[in-house]
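Below: one structure, written as structure tokens.
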Amino acid sequence: MLSTIEAEHEEGVMSDTAREGVISERACEGLMMDDFPLSLRAVIERAETLSFRRPVVFRRPDGSIHRTTLGECAARARRLAAGLAALGIGAGERVATMLWNQPEHLEAYLAIPPMGAVIHTLNPRLHTDELSFIAADAADRAIIVDETLLDVFEALRAEWQFEHVIVVSHSGSAPDAALEYESLTSAHEPMDWPEIGERRAAAMCYTSGTTGRPKGVLYSHRSVVLHSLVTALPDTMGVSTHDVILPVVPMFHANAWGLPYAAAFAGAALVLPGPRLDAESVLDLLAGERVTVTAGVPTVWMSVLQAIEEQPDRWDLSALKRMIVGGSAVPRSLLEGFDRHGLTILQAWGMTETSPLGSMCRVPPELDSASTEDRYDFRARQGIAVPFIELRARGDDGELIPWNDQAMGELEVRGPWVAAGYHGGAGQEKFTDDGWFQTGDVVRIDEHGCIRITDRAKDLVKSGGEWISSVDLENLLMAHPAVAEAAVIAIPDERWGERPLAAIVLREGQEASPDDLRQHLTGQFAKWQIPERIEFIEEIPRTATGKFKKTELRERFVQAVAR
Ligand code: AMP
């Protein structure tokens, strides 16, 4: 079993350090227990002692619904921690998860950080190359994988050797050389948590790179605790012990936007939907469990809205107070569509690097008497910084832009749950000398401090909440013998938010069909990342410095799509 965690192990890379201007003379200090650590141990202990009766409902891959409690999950977390420690998992070491939103994932959330290790959530939708890079970069020692994801895992295992493989089995057996989750947890006595400093790393998530490889963000105990507290505030996501929360956003996406920890802290009930996220399955759970708060990317809610419109009387959603939607821009039509059914969407903006919550779009009291039109205009924006988060934007001329809703600039952010660097020191250019993180989102800011994303400085396509690197697609397309040049842009898509479109210039005298090029991409990109639209053009417009002028391509093809 782990004892006190030594200080030399890696710390979370967050903006934890005190800011300038803090008065340090002893004589001026307050007289409080300031050394009490803001550690996730407090979250799990609260769940064990005060919120243990709260339900955790989950749906298995076969569709069956089961019930447990927060207390039971916390108790099993202590056994899981003891099991992992018996395997030799020590302080600061990463334990990967490849799991859905399921109780074992919640148990891993509650077990791994308090034992002093780091939970590293892997996204099973990524291509094997990316996953194996990520697992190797994080030096994951062990992995907990759901039986339904074993095919993804097998491909990954060929590239990266985990020392320990723990399988959550629904059939009761694990493949050779793997441990079965239930056997591991039941074989051990609950762990007594060690003392852990609040700046120690607790969790890890990778973010897609515009160019180059994905980069690891290491959350600290302190950053997760503060993020959970602010997430739960009434004007942010508003999580109370009276809530029943269904995170549709996967627990491998920026910790499901912090909701599992916020729910455990507040003592809210949780509904974990497992892998079935089609509209009917989501609606069945929302109605059947009388969910009050839910969260996910716009794509999910578009199909949910369509299902409601088709069968308006089928689901009783009268308990649902709000739907937190973010990860991609929320179209105004989605806000209006749910309003017609008495359901309220709140838009949130954030990033893996911001834990993820950065801003929430709550209409301020100043706009209480604004017209319906103006209120929709406001709600379709990305929102106002949540407490402790500071936002600003810098224009092309390098100056900070005024908050006049006209000027545009790249959004910068800082705060106690914003990354101060990436694991291994990659991507340092995104962090300014005066302690801000450059987001790559281009925004306008209005007089309320509300941001509106107008463009993206980073060369990425976001489809259904998942990233596709334009640059990686272009590089592989240009490696095709018939292709002289390739530029990939994002085009709006009603269902997925964005889809990639590849504009191709063929070499003289060469031929290739769209299918040939798609075939060429297969194998190195996941199927959903391959562009449906491949357009052959004479030349790719360029800027004065010779770069691809993607704005012009976007104008040309986005208008063509609209027509
Ligand atoms: P990720 O790190 O994968 O969570 O992606 C973060 C990025 O998603 C942001 O930098 C934005 O480009 C985009 N994003 C997140 N929320 C929103 C939103 N509400 N509207 C538009 N884009 C968003």
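When a ligand or atom number is given, it counts from 1 through the structure's own listing order. Position 1 is the first residue of the sequence, and the numbers go up from there.
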For ligand 1, does [X] get within less than 4.0 Å through its side chain, its backbone, both, or neither, judged by non-hydrogen atoms?
{"X": "Gln347", "value": "side chain"}
{"X": "Pro356", "value": "neither"}
{"X": "Ala254", "value": "neither"}
{"X": "Thr352", "value": "both"}
{"X": "Gln382", "value": "side chain"}

Is the positively charged end of Arg125 above the ring of Trp528, judged by distance under 6.0 angstrom from the centroid and angle within 45° of the axis?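 No cation-pi geometry.
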Does the pair Lys215/Glu353 count as a salt bridge with the N-to-O cut at 4.0 Å?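 Salt bridge flag = no for Glu353 with Lys215.
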Between Arg533 and Asp493 (salt bridge meaning N to carboxylate O under 4.0 Å), is one present in this structure?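 Here Arg533 does not pair with Asp493 in a salt bridge, since their nearest N and O are not under 4.0 Å apart.
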To the nearest 0.1 Å, how far is [atom] from its closest protein heavy atom, and which atom is that?
{"atom": "atom 12 (O) of ligand 1", "answer": "Asp441 OD1, 2.6 Å"}
{"atom": "atom 7 (C) of ligand 1", "answer": "Trp467 CZ2, 3.4 Å"}
{"atom": "atom 6 (C) of ligand 1", "answer": "Gly350 O, 3.4 Å"}

At less than 4.0 angstrom from any non-hydrogen atom of [X], what atoms of ligand 1 do you find?
{"X": "Ile453", "answer": "21 (C), 22 (N)"}
{"X": "Ala329", "answer": "18 (C), 20 (N), 21 (C), 22 (N)"}
{"X": "Ala348", "answer": "16 (N), 18 (C), 19 (N)"}

Please examine the side chains of Tyr206 and His120, heavy atoms only from C-beta on, and report whether any two atoms are closer than 4.5 Å.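 Side-chain contact under 4.5 Å: yes.
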Taking the side chain as C-beta and beyond, is there a heavy-atom pair between Leu40 and Val225 under 4.5 Å?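 Contact flag for Leu40/Val225 side chains = yes.
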So is there a nitrogen or oxygen of [X] less than 3.5 Å from a nitrogen or oxygen in ligand 1?
{"X": "Gly327", "answer": "yes"}
{"X": "Lys462", "answer": "yes"}
{"X": "Val330", "answer": "no"}

Step-by-step side chain to side chain contact (heavy atoms under 4.5 Å, CB included) determination, Val224 to Tyr109: CA-CA 11 Å; Val224 179; Tyr109 268 49; over 6 Å; no
So, the side chain of Gln382 versus the backbone of Ile453: is there a donor-acceptor pair under 3.5 Å, distance only?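 Between the backbone of Ile453 and the side chain of Gln382 there is a qualifying donor-acceptor contact (under 3.5 Å).
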Keeping Gln347 on the side-chain end and Arg381 on the backbone end, is there a donor-acceptor pair under 3.5 Å?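 Yes: the side chain of Gln347 pairs with the backbone of Arg381.
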To the nearest 0.5 Å, what is the distance between CD (Glu466) and CH2 (Trp496)?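 One gets 10.0 Å once the value is rounded to the nearest 0.5 Å.
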